[in-house]
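Each remark here refers to the structure printed beneath this line.
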Amino acid sequence: MTKRDDPRPRPLERPEDGERNGREPCPPDVAEKLRELDRLRRSGRHATALALARSLAEANPKLGRVVLELAMTLGIWGSAPAEALPWFERVLELAPGHRTTRLHRALCLARLGRHVEAVADFDALVDGGYRKALVLHMKRAESLEALGRDTQAEQDWTLALAEDPDNPWLLQQRAASRARLGRLAESIQDLTAALAPQQGEGIDPELLHERGVLRARLGDVDGARADFQAGLSALRRGDPDTLPAALRSALNAL
């Protein structure tokens, strides 16, 4: 994937109605400790960072920025979405309109398998014109797929591609959605577009396998054989262990 959401939190946004709405300014001494927290996280000292984040949140329970940093330390840097979720909820109690917090709550919900709730948050952010459209459409598509809503997922992959045209990973995901919908010719077109810029050692044999399978389903035996053979020739260190056998099996089945 070439573009991912930046895990670093943004400052809490100013309320449009002129009221602070529970958002307290961050004192300079606390801001300095938050910068130290970020340095600790980035240097890999997670236990020390988490202890500092907890102590800051305990001392400043009404500072949305501080609570957000604890949530981020748990959910993003610590990969503990279940622990992070209540803290993201707390930030939204302090600052209901803070959209970056809502995004990260949605991501936590998705990681916990609570995809209906995640989609509701993604929907609200899309409707509100949140700036990270690529992330929103990509992540909402993943949750929609988990819910079996492939038609809507395919639409989101298309919207994500509008933000990052010709991204091979996004093309692969849309191809998979289209294949599940029975739109095999369009799926093959996506995989062909994903493979087009790849040359030499950069050719992805997994994409060749996927395209070959679709070609075989459409009765294009020669095209499928060419893809499976090319995939075997393009195998690289680090490719899935099951891929060589899958390519050989598919070739023998023609």
Side-chain angles (χ1 to χ4, degrees), residues 1-7 103 107 110-111 115 118-119 122 126 131-254:
M1 181 64 198
T2 59
K3 293 187 178 180
R4 291 191 180 276
D5 188 34
D6 187 345
L103 170 64
L107 296 174
R111 290 170 64 190
H115 294 289
V119 168
F122 290 135
V126 170
R131 65 185 180 277
K132 295 188 177 181
L134 172 61
V135 173
L136 288 180
H137 292 304
M138 180 181 73
K139 292 300 182 180
R140 187 170 66 175
E142 291 175 346
S143 284
L144 289 167
E145 287 182 346
L147 294 170
R149 295 160 61 180
D150 286 312
T151 298
Q152 291 170 285
E154 189 274 342
Q155 293 169 355
D156 262 332
W157 290 123
T158 298
L159 291 169
L161 279 161
E163 298 293 326
D164 189 8
D166 304 321
N167 182 306
W169 188 84
L170 293 175
L171 285 164
Q172 183 183 20
Q173 304 315 305
R174 187 173 68 175
S177 285
R178 288 178 165 179
R180 286 191 295 273
L181 292 168
R183 296 161 58 180
L184 303 188
E186 293 172 273
S187 182
I188 289 171
Q189 289 174 358
D190 277 344
L191 294 173
T192 300
L195 284 161
Q198 301 180 9
Q199 297 179 357
E201 295 181 357
I203 296 177
D204 188 339
E206 191 169 2
L207 294 180
L208 288 166
H209 175 257
E210 291 178 14
R211 189 175 67 175
V213 168
L214 294 175
R215 283 177 162 174
R217 287 175 62 184
L218 284 178
D220 181 6
V221 175
D222 290 340
R225 181 179 292 108
D227 276 344
F228 297 145
Q229 290 173 338
L232 286 169
S233 299
L235 288 169
R236 307 158 299 182
R237 181 179 298 177
D239 284 326
D241 293 338
T242 57
L243 185 57
L247 284 163
R248 293 189 187 96
S249 176
L251 188 59
N252 292 335
L254 291 176

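Residue S143 holds its OG atom at 11.0 Å from CE of M138, rounded to the nearest 0.5 Å. Separating the CG atom in L171 from the CG atom in L161 is a distance of 5.0 Å, to the nearest 0.5 Å. From E142, atom CD reaches atom CG of L107 across 9.5 Å, with rounding to the nearest 0.5 Å. Going from atom CZ of R180 over to atom CD of E145 covers 4.0 Å, rounded to the nearest 0.5 Å. Within the model, atoms CG of L136 and CG of L103 stand 6.0 Å from one another, a figure rounded to the nearest 0.5 Å.
Residues L170 and L134 are in side-chain contact: their nearest non-hydrogen atoms beyond the backbone lie under 4.5 Å apart.
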* Could you walk me through whether L207 and Q198 pass the side chain to side chain contact (heavy atoms under 4.5 Å, CB included) check? -> CA-CA 11 Å; L207 294 180; Q198 301 180 9; 3.6 Å; yes
* To do: May I have the step-by-step check of side chain to side chain contact (heavy atoms under 4.5 Å, CB included) for D220 and I188, ending in yes or no?
  => CA-CA 11 Å; D220 181 6; I188 289 171; over 6 Å; no
* Stepwise side chain to side chain contact (heavy atoms under 4.5 Å, CB included) test for E210 and D204 -> CA-CA 10 Å; E210 291 178 14; D204 188 339; over 6 Å; no
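Taking the six-membered ring where the residue is Trp, W157 and W169 present perpendicular rings, their angle passing 60° and hence far from 30°.
Here R174 pairs with D190 under the salt bridge (charged side-chain N to carboxylate O under 4.0 Å, His left out) rule; sequence neighbours left out. Scanning for side chain to side chain contact (heavy atoms under 4.5 Å, CB included) contacts around A133 gives H137, E163, with sequence neighbours left out. Partners of Q152 according to the side chain to side chain contact (heavy atoms under 4.5 Å, CB included) rule, which considers only residues two or more places apart in sequence or in another chain, are L144, R149, Q155. For R183, the salt bridge (charged side-chain N to carboxylate O under 4.0 Å, His left out) partners are E154, E186, not counting sequence neighbours. Legend: residues meeting side chain to side chain contact (heavy atoms under 4.5 Å, CB included) with D241, ordered by chain and number and at least two apart, are absent. Scanning for side chain to side chain contact (heavy atoms under 4.5 Å, CB included) contacts around R111 gives S79, P81, with sequence neighbours left out.
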Side-chain polar contacts of residues 246-254 - donor-acceptor pairs under 3.5 angstrom, sequence neighbours left out - could you list them?
from, atom 1, to, atom 2, distance (Å)
N252, ND2, R248, O, 3.2

Please report, to 0.1 Å, the donor-acceptor pairs under 3.5 Å made by any side chain of residues 230-239, with sequence neighbours excluded.
from, atom 1, to, atom 2, distance (Å)
S233, OG, Q229, O, 3.2
R236, NE, D239, OD1, 3.4
R236, NE, D239, OD2, 3.4
R236, NH2, D239, OD1, 2.9
D239, OD2, R236, N, 2.6

Identify each donor-acceptor pair in which a side-chain atom of residues 211-218 lies under 3.5 Å from a protein atom, sequence neighbours left out, and give them as a table.
from, atom 1, to, atom 2, distance (Å)
R211, NE, D227, OD1, 3.4
R211, NE, D227, OD2, 2.9
R211, NH1, T192, OG1, 3.2
R211, NH2, D227, OD1, 2.8
R215, NH1, G223, O, 3.4
R215, NH1, D227, OD1, 3.4
R215, NH1, D227, OD2, 3.1

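Listed by first and then second residue, the ring-ring contact (aromatic ring centres under 6.0 Å, His included) pairs involving residues 181-202 amount to none (not counting sequence neighbours). Sorted by first then second residue, the ring-ring contact (aromatic ring centres under 6.0 Å, His included) pairs that include residues 181-206, not counting sequence neighbours, number zero. Sorted by first and then second residue, the ring-ring contact (aromatic ring centres under 6.0 Å, His included) pairs involving residues 230-254 (not counting sequence neighbours) form an empty list.
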